[in-house]
Amino acid sequence: MLRKTLYGRRQGRRLRADQRRLLEETLPKISIDLPEGDAPIDMAQLFKVVCEEYWLEIGFGGGEHLAWQAERQAENNGSVGIIGAEFFINGIVKLLRVVEGRKALEHLRVYQGDARDLMAALPEASISRIFILFPDPWPKVRHHKRRLIQAGTLDLISSLLRDNGELRMASDHPSYQKWMLLHMQDHPDFEWFAKRPDDRRARPDDWPATRYEEKALQADRHPLFLRFKRNARAQKR
């Protein structure tokens with residue numbers, strides 16, 4: 001069972017008037033409300049554009065990656081709906097500042113709150129790609145239970161991903177890098193895309209750099225970029 005305790009700050013610096021306006025005017029245009037009861041989210045009703053796939057970013061920070069992916073879909077008339085979940089209000093404001101008034105809004109939806117609540121409301125096998133990029137490493141051993149990557153979280157991710165769907169993760173913290181790899185290799189539903197040792201140090205072209213990566217490189221920390229495939233489900237007889 002997933003832990004329901006959520007660690008970390010809800011808000012940082014006090015919001016300015018223009019930031020409050022973004023929350024009041026722009027966020028409602030793309031905000032996701034969870035359905036009442038046990039009914040799953042109706043994915044076809046989330047976006048005004050017709051979507052053939054849905055991608056999910058868990059904890060999008062300042063939203064650079066999320067905005068880039070949504071903008072890319074808009075520019076190319078893509079058919080992917082991009083969903084982001086974030087608890088930190090200041091991060092949501094940063095995303096809104098980038099996408100306000102842009103066509104990317106058509107391909108973008110945001111859940112403000114605990115990503116696990118959103119994930120629990122999504123239909124099984126409804127997501128083609130999930131991103132977990134530079135999550136809080138919680139470096140102290142006594143805080144490892146707070147790390148997002150846990151067996152229960154991976155079970156939920158496995159249930160949400162389509163067959164052959166992709167989980168992308170990144171971290172610049174050596175302890176968390178090992179933690180991620182051990183947990184992923186222990187899970188029977190995932191297969192690592194890497195064929196060579198250097199594969200984990202290279203970003204694909206459709207994976208833009210973020211400020212977290214830039215800060216890591218400036219501090220001489222070396223990020224790993226991990227890609228895993230969700231194995232096909234066993235056919236029921």
Side-chain angles (χ1 to χ4, degrees), residues 6 8-35 41-119 121-122 126-136 148 160 168-170 203-216:
L6 186 63
R9 297 179 299 163
R10 176 68 168 171
Q11 183 174 338
R13 295 179 179 177
R14 184 177 179 180
L15 299 179
R16 302 187 303 271
D18 62 314
Q19 294 174 317
R20 294 195 299 272
R21 181 192 60 78
L22 287 170
L23 291 176
E24 294 168 359
E25 297 180 3
T26 304
L27 180 59
K29 298 177 183 178
I30 59 173
S31 181
I32 295 176
D33 295 321
L34 300 185
I41 292 173
D42 185 344
M43 304 297 284
Q45 298 300 316
L46 276 183
F47 296 85
K48 293 182 179 179
V49 296
V50 177
C51 297
E52 297 178 2
E53 295 183 36
Y54 303 96
W55 297 353
L56 169 66
E57 183 165 352
I58 301 172
F60 57 74
E64 300 102 322
H65 174 269
L66 195 69
W68 188 92
Q69 294 289 1
E71 189 69 29
R72 187 167 180 261
Q73 291 298 317
E75 290 175 352
N76 298 320
N77 295 317
S79 59
V80 177
I82 314 291
I83 302 170
E86 179 56 57
F87 185 75
F88 191 50
I89 292 175
N90 298 70
I92 294 174
V93 169
K94 289 180 180 179
L95 170 70
L96 297 177
R97 183 183 292 119
V98 173
V99 299
E100 184 184 27
R102 301 181 67 88
K103 193 176 178 182
L105 286 174
E106 297 179 3
H107 291 266
L108 182 63
R109 293 295 179 267
V110 170
Y111 177 70
Q112 180 183 350
D114 190 335
R116 294 168 296 183
D117 294 333
L118 171 65
M119 294 165 71
L122 292 171
S126 61
I127 306 297
S128 298
R129 189 175 293 179
I130 292 178
F131 307 92
I132 302 176
L133 308 182
F134 298 95
D136 194 322
L148 177 60
L160 292 179
R168 293 187 175 186
M169 300 188 295
R203 278 186 292 101
D205 292 339
D206 62 348
W207 188 336
T210 67
R211 62 190 175 97
Y212 294 104
E213 179 185 346
E214 294 170 358
K215 287 173 62 177

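Values in this document were obtained by computation on a predicted structure and should not be read as measured data.
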Which distance, rounded to the nearest 0.5 Å, do you find between the [atom1] of [X] and the [atom2] of [Y]?
X: Arg109; Y: Met43; atom1: CZ; atom2: CE; answer: 11.5 Å
X: Asp117; Y: Ile32; atom1: CG; atom2: CD1; answer: 12.5 Å
X: Leu133; Y: Arg168; atom1: CG; atom2: CZ; answer: 9.0 Å
X: Phe60; Y: Ile82; atom1: CZ; atom2: CD1; answer: 12.5 Å
X: Glu75; Y: Lys103; atom1: CD; atom2: NZ; answer: 9.5 Å
X: Leu96; Y: Glu24; atom1: CG; atom2: CD; answer: 12.0 Å

Backbone of [Y] reached by a side-chain donor or acceptor of [X] within 3.5 Å:
X: Asn76; Y: Gly78; result: no
X: Arg20; Y: Leu15; result: yes
X: Glu57; Y: Phe131; result: no

#### Entry: Verdict with supporting geometry, Leu56 and Met119, side-chain contact (heavy atoms from CB on, under 4.5 Å)
CA-CA 9 Å; Leu56 169 66; Met119 294 165 71; 4.1 Å; yes
Do you know the tightest heavy-atom contact between [X] and [Y]?
X: Ala121; Y: Pro35; result: CB-CD, 4.3 Å
X: Pro135; Y: Ala170; result: CD-O, 3.4 Å
X: Met169; Y: Trp207; result: O-CH2, 3.4 Å
X: Leu34; Y: Tyr111; result: CD1-OH, 3.5 Å
X: Phe47; Y: Ile83; result: CZ-CG1, 4.0 Å
X: Pro208; Y: Arg203; result: C-NH1, 3.7 Å

### Query
Looking at Glu53, Gln73, Glu52, which hits side-chain contact (heavy atoms from CB on, under 4.5 Å) with Ser79?
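Filter result, single survivor: Glu52.
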### Query
Just one of Leu95, Leu22, Leu105, Leu27 clears the side-chain contact (heavy atoms from CB on, under 4.5 Å) bar with Glu100, so which one?
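So the option named by the test is Leu22.
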### Query
Taking it one step at a time, do Lys94 and Arg211 satisfy side-chain contact (heavy atoms from CB on, under 4.5 Å)?
CA-CA 12 Å; Lys94 289 180 180 179; Arg211 62 190 175 97; 3.8 Å; yes
### Query
Going by the angle between their ring planes, with limits at 30° and 60°, are Phe134 and Tyr212 parallel, tilted or perpendicular?
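Phe134 vs Tyr212 ring planes: parallel.
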### Message
Counting only heavy atoms not in Arg102 (residues, nucleotides, ligands), do more than 12 fall under 6.0 Å from its CZ?
### Response
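At most 12 heavy atoms, drawn from other residues, nucleotides or ligands, come within 6.0 Å of this atom.
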### Criterion side-chain contact (heavy atoms from CB on, under 4.5 Å) on Leu66 and Val99, from CA distance to verdict
CA-CA 10 Å; Leu66 195 69; Val99 299; over 6 Å; no
### Message
Apply side-chain contact (heavy atoms from CB on, under 4.5 Å) to residues Arg129 and Asp206 and explain how you reach the verdict.
### Response
CA-CA 12 Å; Arg129 189 175 293 179; Asp206 62 348; 3.3 Å; yes
### Query
Do Arg97 and Gln19 have side-chain heavy atoms sitting under 4.5 Å apart?
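Of all side-chain heavy-atom pairs linking Gln19 with Arg97, at least one is under 4.5 Å.
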